[in-house]
Novice: 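Sharing a structure with you now.
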Amino acid sequence: MQIKFFVFGLAVSLSVLIMSCRGNESDRSGTIVESSIDSEILERKVQYIQYNPFMRDSMSKPSPILYLLHGHGGDHLDWFQETEGNVASILDSLIEAKLIPPVVAVSIDAGNSWYVDRHDKMETFYISEFIPEIERQIGGTLSRRILAGNSAGGYGSLRFVMKFPDLFDEVILLSPAAYNPLPPAISSSRKIDVFAEEGVFNDSIWKSYSYLHL
């Protein structure tokens with residue numbers, strides 16, 4: 001399966017389309033549901049938020065699903081806040097204008113895990129537990145999986161799509177923090193325990209998770 005990479009150019013194009021669609025707002029808005037999943041892998045609840053397009057339950061065609069990965073310091077709400085991603089309004093506008101098909105979108109609170117298996121097995125949880133549970137709830141209406149991530153979420157998206165290429169059909173990377181060979185001194189990745197040994201950022205740990213190994 002061929003993976004399509006859409007990076008900064010897509011973000012710019014979508015911004016132009018979004019501004020042109022704002023005038024088409026109507027009551028045909030999707031619904032937003034906040035919920036949680038009891039994770040056996042992480043041994044705790046994980047919060048998530050899901051966008052369902054208008055009249056999804058009555059649609060005859062299968063829906064694509066958009067998995068959204070937030071950046072460092074964020075949570076499941078980032079993509080949906082008006083001052084952050086505002087993704088529900090954007091999707092409403094693009095769907096209403098028939099620029100994209102109706103799409104389900106979902107985002108979890110991954111903390112500052114950077115979507116890797118270290119102290120938390122976030123990668124294993126996301127791939128083996130979260131995605132199957134969401135798609136079980138949606139039922140047999142899935143047409144394809146799209147992955148999108150910003151900053152640390154872009155880092156996670158890049159690793160996911162390279163490690164599990166048959167799982168995703170498309171990926172959108174927005175300013176992915178996938179530094180090579182090492183992150184700059186100002187990077188938040190240097191200030192967390194995910195890539196640290198005894199509280200100090202460790203070059204070898206960072207490099208061991210590099211997308212270059214994939």
Novice: Tell me the salt bridge (Lys or Arg N to Asp or Glu O under 4.0 Å) pairs involving residues 106-125, sequence neighbours left out?
Specialist: Arg44-Asp120, Arg118-Glu197, Glu123-Arg159, Glu123-Lys163
Novice: Do Val171 and Ile146 come close enough that some side-chain heavy atom pair is under 4.5 Å?
Specialist: no
Novice: Any link between Val104 and Leu147 through a network of hydrophobic side chains (Ile, Leu, Val, Met, Phe, Trp, Tyr) touching at under 4.5 Å?
Specialist: yes
Novice: Heavy-atom distance under 4.5 Å between the side chains of Asp193 and His119, does that happen here?
Specialist: yes
Novice: Is the shortest side-chain heavy-atom distance between Asp92 and Phe54 below 4.5 Å?
Specialist: no
Novice: Any luck finding a side-chain donor-acceptor pair between Asn52 and Gln50 under 3.5 Å?
Specialist: yes
Novice: Taking the basic N atoms (NZ, or NE/NH1/NH2) and the acidic carboxylate oxygens, is any pair closer than 4.0 Å for Asp169 and Arg145?
Specialist: no
Novice: So do Phe125 and Ile108 actually touch side chain to side chain, heavy atoms under 4.5 Å?
Specialist: yes
Novice: Hey, are the side chains of Ile32 and Ile49 touching, using non-hydrogen atoms and a 4.5 Å cut-off?
Specialist: yes
Novice: Below 6.0 angstrom between ring centroids: does that apply to Phe80 and Tyr51?
Specialist: no
Novice: Could you report the tightest heavy-atom contact between Leu173 and Gly154, atom names first, then the distance?
Specialist: CD2-O, 3.7 Å
Novice: Please name all residues satisfying side chain to side chain contact (heavy atoms under 4.5 Å, CB included) with Lys191, sequence neighbours left out, ordered by chain then number.
Specialist: none
Novice: Are any non-hydrogen side-chain atoms of Phe201 and Ile192 less than 4.5 angstrom apart?
Specialist: no
Novice: Does anything in residues 198-214 pair up under side-chain hydrogen bond (donor to acceptor under 3.5 Å, both in side chains), and if so which pairs, sequence neighbours excluded?
Specialist: none
Novice: Closest approach of Ser113 and Met122, non-hydrogen atoms and distance?
Specialist: OG-CG, 3.2 Å
Novice: Ile186: what forms a side chain to side chain contact (heavy atoms under 4.5 Å, CB included) with it, not counting sequence neighbours?
Specialist: Pro184
Novice: Please lay out, stage by stage, how Tyr115 and Tyr155 fare under the test ring pair (Phe, Tyr, Trp, His ring centres under 6.0 Å).
Specialist: CA-CA 8 Å; Tyr115 305 91; Tyr155 169 93; 8.7 Å; no
Novice: For Ser35, what residues pass the side chain to side chain contact (heavy atoms under 4.5 Å, CB included) criterion, not counting sequence neighbours?
Specialist: Tyr48
Novice: Less than 3.5 Å apart, which donor and acceptor atoms pair up between the side chains of residues 65-75 and the rest of the protein, not counting sequence neighbours?
Specialist:
{"residue": "Tyr67", "atom": "OH", "partner": "Glu135", "partner atom": "OE2", "Å": "2.7"}
{"residue": "His70", "atom": "NE2", "partner": "Ala110", "partner atom": "N", "Å": "3.0"}
{"residue": "His72", "atom": "ND1", "partner": "Asn112", "partner atom": "OD1", "Å": "3.4"}
{"residue": "His72", "atom": "ND1", "partner": "Trp114", "partner atom": "NE1", "Å": "3.2"}
{"residue": "Asp75", "atom": "OD1", "partner": "Leu77", "partner atom": "N", "Å": "2.9"}

Novice: Is any side-chain heavy atom of Pro101 closer than 4.5 Å to one of Pro64?
Specialist: yes
